[in-house]
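For reference, positions follow the sequence shown, starting with 1.
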Amino acid sequence: MPPSETELKLEIDPGALRTLQGHPLVRRILRSGPRTQRMQSVYFDTTDRALHRQGMELRVRRTDLGTGSVQTLKAATGKGAYQRLEWEVEVPVGQADFSELFARVASDLRPGFLDKLRGAGVSPVFHTEVRRTSWQLGEGEWEVEAALDRGSIVAGPRREPLFELELELKRGGADHLQALALELLEAVPFRLLWASKSIRGYQLASGLHPEPPRWRPPGPRPDAGLKDVLQGVGHACREQMLANQCYLRVTDKAEAIHQLRVGARRLRSALRLFRPVLDPALAEPVEEDLRWLLAELGPVRDLHVLLSEIIRPVRQARPGDRDMERLHLELEKRLAMRTDHAVRVVLSSRFTGLILRIGAWLEGRMLAAGETGEKASSIGGKAFASEALHRLDGRVRREGKKLETLPDADRHRLRIRVKRLRYAADFLAPLFPEARGRKGWLRSIRAVQDRLGELQDLTMAEALLSDLPPGVRDPVGHRVAGVVIGWHLAHGEERMAAATQAFREYRKRRRFWR
């Protein structure tokens, strides 16, 4: 098994840091320190950024306390940004040859990748200049290094300040690290950082603002056990949530909140999917936290859809309609207020605690105790996937036969079932990499979800437009809202026909898991 590092990066106010250093909890678990050193790390990659595209980083680090340099290669583990594989080789200062390091990692990486890397050659992309002060914390069976990094990331003429506190697990289980962070959060407020120095360095070098991170499938091995599959799914959802929280200040806020909400909904769907094998006492607190978060973020997405999918096409069809513009402006104001509230929620200590509790749960026992847990531990991920997908697919096929005649409430329930099936397939399809018809089936279920979503948007719009903002809560405002709803109702048959056709295409697809 390749070596790995497990760490959390914290964004903390300098004043709160001083409070934390003097807190009774820290004094009780302090083992040694502080120890201060200066470090310079140079990050390398190919001209086409092959390492970065694979989620890897290659660096050479030199400190003022050492006589040589350390070459390090890091790679993803499938457990998000906080845990990575790590290989290190000490070399003389100034050595630019990575052959010894590459030889050490060759057996752990996919065949051929390092050959391509050697052929392409690597060169410096950016570097960091850091003053690190570290302390050793520990108690019983665990030990953690706390390291405060102050300095800069430098990419050509661009420079970005760096101030972060790292908690790196040195001994014990990953759940101990999450538990320690939760205890520290009770003492002082902080936020978790998703972007490593490497990610921030690449962003600085490119000069581009990042896009709100989207779902990245965990990609379990076909022979993965049930717990490994669940952990991979959970970490992918958690990663999407944390990454979008961190990008709120540098990208489109509404889209970042939406993508964060998608990660939370996926995790909630995963909890339902795996519920038969989970310990309810451990899973239910996570579900409760997710319900809180989704209730806080839901209005932002609803208003965003109302403006972009419902109001916008009608505005385009009626250019110059001042009453329509007035309605649009008032709804934009409401969206801005809801967005500001959602940002405060996502930047709160409660959200940080939620992310840490999810991490502690994923690294803990998770599965049910007793006979149920023993049985679950012996189930292969592929066997569980086949049964779960077949059950969900069967229910969707049955309930969707009469799609055209379903009442609104029943069609809404069908849409939710389709979404759960689609999420389950996204989680579990990687277990069947060679299955015939897999990609076509996935495309078809996404099309069904999209078409049913278009039908549901109108129902949602009627509800939202019945509660107009105060600035347009008058006869004119209600008339314009009626125009919007009427415009979409005129396209209702067309949308129903598209949904029905998408469902027919889906029913023709081969079940790839059988």
Side-chain angles (χ1 to χ4, degrees), residues 8-20 80-82 161 163-165 178 181-195 200 203 209-215 237-268 285-308 329-360 460 464 467-471:
L8 295 171
K9 294 180 182 294
L10 279 53
E11 180 184 31
I12 188 168
D13 182 84
L17 178 65
R18 288 189 290 272
T19 301
L20 185 63
Y82 92 101
F163 186 94
E164 62 185 33
L165 180 65
Q178 308 287 340
L182 278 167
E183 284 193 82
L184 296 179
L185 184 62
E186 293 182 4
V188 296
F190 62 79
R191 286 193 289 269
L192 295 173
L193 290 171
W194 172 79
R200 293 173 62 185
Q203 290 171 357
H209 284 307
E211 294 292 325
R214 295 176 176 269
W215 166 256
C237 296
R238 179 178 185 262
E239 186 91 342
Q240 187 178 10
M241 295 167 64
L242 178 58
N244 278 283
Q245 183 227 38
C246 294
Y247 280 161
L248 270 176
R249 285 164 288 179
V250 295
T251 190
D252 180 352
K253 290 182 180 180
E255 182 61 19
I257 290 170
H258 168 56
Q259 291 301 329
L260 189 155
R261 181 171 172 263
V262 169
R265 291 179 70 171
R266 283 182 180 273
L267 182 54
R268 192 175 176 190
V286 177
E287 278 203 83
E288 184 178 346
D289 277 345
L290 291 172
R291 280 194 294 271
W292 159 77
L293 180 65
L294 290 169
E296 296 286 353
L297 304 187
V300 174
R301 183 57 181 172
D302 290 344
L303 282 166
H304 190 268
V305 169
L306 179 64
L307 282 164
S308 61
L329 179 62
E330 291 299 320
L331 288 170
E332 279 192 325
K333 291 178 182 177
R334 178 176 281 187
L335 174 60
M337 292 174 56
R338 293 287 191 178
T339 300
D340 288 344
H341 172 74
V343 169
R344 289 193 294 272
V345 167
V346 171
L347 296 180
S348 69
S349 291
R350 183 170 180 179
F351 179 83
T352 299
L354 164 59
I355 295 295
L356 289 170
R357 282 188 290 276
I358 292 171
M460 180 204 72
L464 287 173
D467 180 25
L468 293 173

Could you walk me through whether L329 and K333 satisfy the side-chain contact (heavy atoms from CB on, under 4.5 Å) test, starting with their C-alpha distance in whole Å, then the side-chain angles of each, then the deciding distance to 0.1 Å, before giving a yes or no?
CA-CA 6 Å; L329 179 62; K333 291 178 182 177; 4.1 Å; yes
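- Separating the CD atom in E255 from the CG atom in L248 is a distance of 11.5 Å, to the nearest 0.5 Å.
- Counting only distance, with no hydrogens or angles, the side chain of Q240 and the backbone of Q259 share a donor-acceptor pair below 3.5 Å.
- Rounding to the nearest 0.5 angstrom, the gap separating the CG atom in L20 from the CG atom in D13 is 12.0 Å.
- Closest non-hydrogen pair, P189 versus I12, comes out as O-CG1, 4.0 Å.
- Applying the side chain to side chain contact (heavy atoms under 4.5 Å, CB included) test between T339 and each of H304, R344, K253, R334 identifies K253 as the sole match.
- Applying the salt bridge (charged side-chain N to carboxylate O under 4.0 Å, His left out) criterion to R350, with sequence neighbours excluded, gives no partner residue.
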Steps toward side-chain contact (heavy atoms from CB on, under 4.5 Å) verdict (M241, L293):
CA-CA 11 Å; M241 295 167 64; L293 180 65; 3.8 Å; yes
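- Atom NE2 of residue H341 and atom CD1 of residue I257 lie 10.0 Å apart, to the nearest 0.5 angstrom.
- The heavy-atom pair separating G353 from L182 by the smallest distance is O-CD2, 3.8 Å.
- A distance-only check finds a donor-acceptor pair linking the side chain of N244 to the backbone of P213 [under 3.5 Å].
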Go through the steps to decide whether I358 and L354 satisfy the test side-chain contact (heavy atoms from CB on, under 4.5 Å), and finish with yes or no.
CA-CA 6 Å; I358 292 171; L354 164 59; 3.7 Å; yes
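- Rounded to the nearest 0.5 Å, atoms CZ (R301) and CG (L294) are 13.5 Å apart.
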Worked check of salt bridge (Lys or Arg N to Asp or Glu O under 4.0 Å) between R261 and E296:
CA-CA 10 Å; R261 181 171 172 263; E296 296 286 353; over 6 Å; no
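- Taking a cutoff of 4.0 Å between a charged side-chain nitrogen and a carboxylate oxygen, E288 and R291 do not qualify as a salt bridge.
- D302 is listed as a side-chain neighbour of M460, based on a closest heavy-atom distance under 4.5 Å.
- By the neighbour-count criterion of 12 heavy atoms within 6.0 Å, atom CD of E332 is densely surrounded, having more than that number from other residues, nucleotides or ligands.
- Taking each heavy atom of C237 and R266 in turn, the nearest pair found is SG-CB, 3.7 Å.
- Atom CG in L347 sits 9.0 Å away from atom SG in C246 (nearest 0.5 Å).
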Let's go through F190 and S349 carefully: what are the C-alpha distance in whole Å and the side-chain angles of both, what is the deciding distance for side-chain contact (heavy atoms from CB on, under 4.5 Å) to 0.1 Å, and is it a yes or a no?
CA-CA 7 Å; F190 62 79; S349 291; over 6 Å; no
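- Among L8, L184, L17, the single residue meeting the side chain to side chain contact (heavy atoms under 4.5 Å, CB included) criterion with L165 is L17.
- One side chain, W194 or E239, offers a donor N or O that lies under 3.5 Å from an acceptor on the other.
- Q245 places a side-chain N or O within 3.5 Å of a backbone atom of V346 that can act as its donor or acceptor partner.
- Other residues, nucleotides and ligands place more than 12 heavy atoms under 6.0 Å from the CZ atom of R191.
- Between the side chain of R238 and the backbone N or O of I355, at least one donor-acceptor pair lies under 3.5 Å.
- Taking OH from Y247 and CG from L242, the interatomic distance works out to 10.5 Å, rounded to the nearest 0.5 Å.
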